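Chain naming here is simple, since letters A, B, ... match the order of the sequence lines and numbering starts at 1 in each. Here the structure is a predicted model, which is why all the values come from computation and not from measurement.
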There are 2 protein chains.
Amino acid sequence: MRRLKPMATRVEQRQRTEARILTAARRLFGEHGFDRTTIRAIATEAGSDPGLVMRYFGSKEKLFAQAAAIPADRPIEGSPEQIARLLTAALTDKLADEPTAALAALRAMFSHPEAAEEVRAAMTSQQRQVAAQLPGDDAVLRSGVIGALTLGLVVSRHLVRLDGLDASPEELIAVVGPIIEELATGA
Amino acid sequence: MRRLKPMATRVEQRQRTEARILTAARRLFGEHGFDRTTIRAIATEAGSDPGLVMRYFGSKEKLFAQAAAIPADRPIEGSPEQIARLLTAALTDKLADEPTAALAALRAMFSHPEAAEEVRAAMTSQQRQVAAQLPGDDAVLRSGVIGALTLGLVVSRHLVRLDGLDASPEELIAVVGPIIEELATGA
DNA sequence: GTCTATAAAGAGATAGAC
DNA sequence: GTCTATCTCTTTATAGAC
């Protein structure tokens, strides 16, 4: 049915299957959260079967860990104005296309402690980095508010699909950009 | 021919038990989300048993619906400046003490469609009301951002427990209040 | 390499004893 | 009114057939 060349094709096939499983896992974890996403559903969506998923990834937890790993953000450095620009640019990206892996972690974090830790780690690391470079006594607080605002926008847009946030990223940034700059500079 | 066997006591007892179950349900749903909270755990925490919980509330879904009903916010009306003040005051409350019922709905909404609808309904209703009274072409967008900011702050503080947001409500409002006013007036 | 059958555990829900 | 025992279903995870 398949090819007649065994070895190379097998490795290739396996990688393909693994990739399909990971993609399906990201989508489903992101859409339904950790508990409501079943190995069965992932296998079906990937055109495979539950046994194979378990064999490749070991457990549902491990599959989730791989699917929901948050890609590290670029380092944020410079003057308050530059920082504001970098944060605004990063937000634009997050609003434009759906960051599938991050969404999986975000949705799951509210019911899955490990996912919560993943998100918290990613956010605090960036936030501390930013706070250290901002002026003012309340730099930590202000960078925290920037983080909360960013989280609120991403969640409201992609997860809650809140009314009024379905505008284009540019329109949104036109409103939010100045606020981020204000918070960064402390004006 | 009043009571040798007091009916009133039974009714009273039942109400007490129901109240204890509801309190336990709010706390546990708020802490672990819908799927990870078991009827068994709620019964144990309420000093009761699973059978009773089912008997009183019918199903886990119905118990959740009662536990996670979001109390309606006060109507928000007036000039943009007044609206900003009302929204800021409401936010102060939400930051000060943990709104147990709302937290249950908030945490659950990410994995439980019914809860998502509850939160979305509560938010859009208030948001539309606000948008209708704000000046400017982008009033809907700006009131959406206010909603996202509020959601982000509450989630970051109570659910994520993000670094830098553990300040006193007053300190937080000192930073966020002006932003809300800006968004409301469109300045 | 891939898929089927099943074991093991845990959940919500129900019936009935006290 | 309250609690115990159990039924049934669904899940992850495993063992082994193709």
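- Here B:Glu12 pairs with B:Arg16 in a salt bridge; the nearest charged N to carboxylate O distance falls below 4.0 Å.
- With sequence neighbours left out, the ring-ring contact (aromatic ring centres under 6.0 Å, His included) criterion links B:Phe110 to A:Phe110.
- Atom-to-atom, CG of A:Leu52 to C1' of D:dT14 comes out at 14 Å; the value is rounded to the nearest Å.
- Side-chain atoms of A:Gln133 come within 3.5 Å of backbone atoms of A:Gly78 as a donor-acceptor pair (strictly under, hydrogens ignored).
- Looking at residues two or more places apart in sequence or on another chain, you find a side chain to side chain contact (heavy atoms under 4.5 Å, CB included) between B:Pro135 and B:Pro80, B:Arg142.
- As a whole-Å value, the separation of B:Asp49 CG from D:dG1 C1' is 11 Å.
- The CG atom of B:Leu87 lies 10.5 Å from the OG1 atom of B:Thr92; values are rounded to the nearest 0.5 Å.
- Between the side chain of A:Thr88 and the main chain of A:Gly177, no donor-acceptor pair closer than 3.5 Å is present.
- Within the structure, side chain to side chain donor-acceptor pair (under 3.5 Å) contacts touching residues 97-115 of chain A (residues at least two apart or in different chains) are A:Glu61-A:His112.
- We find that CZ of B:Phe64 is positioned 14 Å from P of C:dG12, with the value rounded to whole Å.
- One can place CZ of B:Arg55 at 9 Å from C1' of D:dT2, the figure rounded to the nearest angstrom.
- Using a cutoff of 4.0 Å between basic side-chain nitrogens and carboxylate oxygens, B:Arg85 and B:Glu81 are not scored as salt-bridged.
- Summarising the hydrophobic clusters (Ile, Leu, Val, Met, Phe, Trp, Tyr; side-chain heavy atoms under 4.5 Å, direct or chained), the residues clustered with A:Val140 are none.
- Regarding contacts with the backbone of C:dT2, a side-chain N or O of A:Tyr56 is found under 4.0 angstrom from either OP1 or OP2.
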Interface polar pairs with nucleotides 10-13 of chain D, N/O, under 3.5 angstrom:
{"unit_1": "D:dT12", "atom_1": "OP1", "unit_2": "A:Ile39", "atom_2": "N", "d": "3.4"}
{"unit_1": "D:dT12", "atom_1": "OP1", "unit_2": "A:Lys60", "atom_2": "NZ", "d": "3.3"}
{"unit_1": "D:dT12", "atom_1": "OP2", "unit_2": "A:Ile39", "atom_2": "N", "d": "3.4"}
{"unit_1": "D:dT12", "atom_1": "O4", "unit_2": "A:Arg40", "atom_2": "NH2", "d": "3.2"}
{"unit_1": "D:dA13", "atom_1": "OP2", "unit_2": "A:Lys60", "atom_2": "N", "d": "3.0"}

Using a 3.5 Å limit on both pairing distances, list the dot-bracket string of DNA chain D from the 5' end; Watson-Crick and G-U wobble pairs count, crossing pairs take [ ], interstrand pairs take |.
||||||||||||||||||
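- What separates CG of B:Leu63 from C1' of C:dA13 is a distance of 14 Å, to the nearest Å.
- Regarding B:Gln15, its CD atom lies at a distance of 14 Å from the C1' atom of D:dG1, rounded to whole Å.
- Rounded to whole Å, the distance from CD on B:Glu12 to P on D:dG1 is 11 Å.
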